[in-house]
Student: 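The structure's right below; bear with me while I get my questions together.
Starting from 1, each residue takes its place in the sequence as its number.
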Amino acid sequence: MQYFIGIVPPDEYKEQIAVFRNRWVSNRLNDVVEPHITVKAQGGLTEDMRWLDNVRETCSSIKSFVLSMSAPATFGNAVTFLSVESEEVYDLHKRLVDTVSPSPELIDRYFELDNFHPHLTLGQTYWGMKETEIEEMKLSAIYTLAPFPTFHVNFVRVYKEIEKNKYIPFEDIQFGR
């Protein structure tokens, strides 16, 4: 069983993204997990759950911050995503990685710390899309998903894998006041 930690966009925009993702029949991403921005990947979030109290403690000392979604982009021909603009999201990521203390190998495997690039995935070849659809999706997102929202982040959501490649919300952890 695996876990990861993410930021969830406002419900209305999250629904808009889910509908947008479904315009591509080949895109199975909505079957895997709801739209989110990963801030701590699976590395170190083990089944023993000892990390969870540490994450709660860390979040209690984090202040709410503003995050802006922005223009779609791609990772090569494999992933289309919405960009994220927020200095605080990098700090949140670093603090969560420091709290969980995954091995250097896991940090590299999950593109954390120096390789962290916050984003909200729209589609991916791994989840069924063709490379040509990735570019088509990026171009369509420019018009369909704009205006890109700016919103306050007051909590993170822990996701739990309930079956292979199927994640559901497990716990929302509020930031300190």
Side-chain angles (χ1 to χ4, degrees), residues 3-42 45 55 58-59 62-97 110-129 131-159 165 167-176:
Y3 299 85
F4 73 88
I5 302 170
I7 293 171
V8 186
D11 286 342
E12 319 78 57
Y13 199 68
K14 185 173 71 170
E15 181 59 32
Q16 185 180 347
I17 291 167
V19 168
F20 177 78
R21 285 173 167 181
N22 281 339
R23 288 177 46 194
W24 285 265
V25 179
S26 61
N27 189 2
R28 297 190 314 270
L29 192 52
N30 280 337
D31 297 334
V32 178
V33 68
E34 69 181 357
H36 67 278
I37 300 155
T38 300
V39 290
K40 174 65 192 87
Q42 293 89 336
L45 304 180
V55 167
T58 295
C59 286
I62 292 174
K63 291 181 181 164
S64 161
F65 61 91
V66 174
L67 179 147
S68 297
M69 305 300 302
S70 66
T74 60
F75 292 130
N77 303 0
V79 180
T80 297
F81 61 88
L82 289 180
S83 301
V84 170
E85 296 177 10
S86 166
E87 287 305 313
E88 293 87 351
V89 78
Y90 289 95
D91 180 58
L92 172 61
H93 168 72
K94 183 179 182 334
R95 290 177 69 180
L96 290 173
V97 171
Y110 289 108
F111 302 100
E112 294 190 316
L113 297 181
D114 291 343
N115 296 317
F116 178 63
H117 185 96
H119 64 280
L120 189 151
T121 302
L122 299 172
Q124 195 168 341
T125 54
Y126 185 83
W127 300 116
M129 295 187 74
E131 289 183 2
T132 54
E133 291 175 312
I134 294 296
E135 184 63 24
E136 174 189 314
M137 179 181 254
K138 177 183 129 184
L139 295 173
S140 181
I142 293 168
Y143 304 102
T144 307
L145 296 177
F148 305 108
T150 294
F151 58 94
H152 285 272
V153 179
N154 304 309
F155 70 96
V156 291
R157 179 165 289 167
V158 178
Y159 291 88
N165 296 324
Y167 288 86
I168 61 167
F170 175 70
E171 180 178 332
D172 288 351
I173 301 174
Q174 296 295 321
F175 294 157

Student: Can you name the closest pair of heavy atoms from H93 and L113 and give their distance?
Tutor: NE2-N, 2.8 Å

Student: How many angstroms lie between atom SG of C59 and atom CD1 of I5, to the nearest 0.5 angstrom?
Tutor: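 Here the interatomic distance stands at 7.0 Å.
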
Student: Using distance only, find each side-chain donor-acceptor pair of residues 121-128 under 3.5 Å and give its atom names and separation, not counting sequence neighbours.
Tutor:
unit_1	atom_1	unit_2	atom_2	d
T121	OG1	H119	NE2	3.3

Student: In chain order, what residues pass the side-chain contact (heavy atoms from CB on, under 4.5 Å) check against A73, with sequence neighbours excluded?
Tutor: F81, S83

Student: Using 0.5 Å steps for rounding, measure from the CE atom of M129 to the CG atom of N27.
Tutor: 5.0 Å

Student: Could you tell me whether a side-chain N or O of T74 sits under 3.5 Å from a main-chain N or O of G76, the two making a donor and an acceptor?
Tutor: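 Yes.
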
Student: Taking C-beta and beyond as the side chain, do F175 and L92 meet within less than 4.5 Å on heavy atoms?
Tutor: yes

Student: State which residues pass side chain to side chain donor-acceptor pair (under 3.5 Å) with N77; sequence neighbours excluded, sorted by chain then number.
Tutor: E131

Student: How would you list, by chain and number, every residue that makes a side chain to side chain donor-acceptor pair (under 3.5 Å) with T144, sequence neighbours excluded?
Tutor: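 Checked T144 against side chain to side chain donor-acceptor pair (under 3.5 Å); matches are R23, S140.
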
Student: Drop me the distance from N22's CG to L29's CG, to the nearest 0.5 angstrom.
Tutor: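 If we round to the nearest 0.5 Å, N22:CG and L29:CG are 9.5 Å apart.
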
Student: Which atoms form the tightest heavy-atom contact between Y3 and V158, and what is the distance?
Tutor: CD2-CG1, 4.1 Å

Student: Taking the side chain as every heavy atom from C-beta outward, state whether Y90 and P118 have any pair of such atoms under 4.5 Å apart.
Tutor: yes

Student: OG1 of T80 to CD1 of I134: how many Å apart, nearest 0.5 Å?
Tutor: 4.0 Å

Student: Can you name the residues that form a side-chain contact (heavy atoms from CB on, under 4.5 Å) with V66, not counting sequence neighbours?
Tutor: T150, H152

Student: Looking only at heavy atoms, which two atoms of A41 and Y110 are closest? And how far apart?
Tutor: CB-CB, 3.5 Å

Student: Who pairs with Y167 by side chain to side chain donor-acceptor pair (under 3.5 Å), at least two apart in sequence or on another chain?
Tutor: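 Side chain to side chain donor-acceptor pair (under 3.5 Å) list for Y167, sorted by chain: Q42.
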
Student: Parallel, tilted or perpendicular: which describes the rings of H36 and F4, with under 30° parallel and over 60° perpendicular?
Tutor: tilted

Student: Show, in sequence, the C-alpha distance, side-chain angles and deciding distance for L67 and I37, and conclude whether the side chain to side chain contact (heavy atoms under 4.5 Å, CB included) test is met.
Tutor: CA-CA 11 Å; L67 179 147; I37 300 155; 3.9 Å; yes

Student: Which residue pairs pass the salt bridge (charged side-chain N to carboxylate O under 4.0 Å, His left out) test with at least one member in residues 65-92, sequence neighbours excluded?
Tutor: D91-R95

Student: My understanding is that only residues two or more places apart in sequence, or in another chain, count here; which of them pass side-chain contact (heavy atoms from CB on, under 4.5 Å) with I168?
Tutor: I162

Student: How far apart are the C-alpha atoms of V156 and I62, what are their side-chain angles, what is the distance that settles it, and do they pass the side chain to side chain contact (heavy atoms under 4.5 Å, CB included) test?
Tutor: CA-CA 11 Å; V156 291; I62 292 174; over 6 Å; no

Student: Does atom CG (N115) have a neighbourhood of more than 12 heavy atoms from anything else shown, all under 6.0 Å?
Tutor: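 Yes - once you tally the heavy atoms of other residues, nucleotides and ligands closer than 6.0 Å, there are more than 12.
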
Student: Report the distance from atom OH of Y159 to atom NZ of K40, rounding to the nearest 0.5 Å.
Tutor: 15.5 Å

Student: Which donor-acceptor pairs under 3.5 Å do the side chains of residues 6-13 make with protein atoms, sequence neighbours left out?
Tutor:
unit_1	atom_1	unit_2	atom_2	d
Y13	OH	L145	O	2.8

Student: Test: salt bridge (charged side-chain N to carboxylate O under 4.0 Å, His left out). Region: residues 29-39. Which pairs qualify, not counting sequence neighbours?
Tutor: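 Sorted pair list: K14-E34, E34-R157.
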
Student: Just to verify, what does E136 make a side chain to side chain donor-acceptor pair (under 3.5 Å) with, not counting sequence neighbours?
Tutor: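 Side chain to side chain donor-acceptor pair (under 3.5 Å) list for E136, sorted by chain: W24.
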
Student: Ignoring hydrogens, what is the shortest heavy-atom contact between M69 and L82? Give both atom names and the distance.
Tutor: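 Shortest heavy-atom contact: CE-CB, 3.7 Å.
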
Student: Excluding sequence neighbours, so at least two apart, what forms ring pair (Phe, Tyr, Trp, His ring centres under 6.0 Å) with F111?
Tutor: none

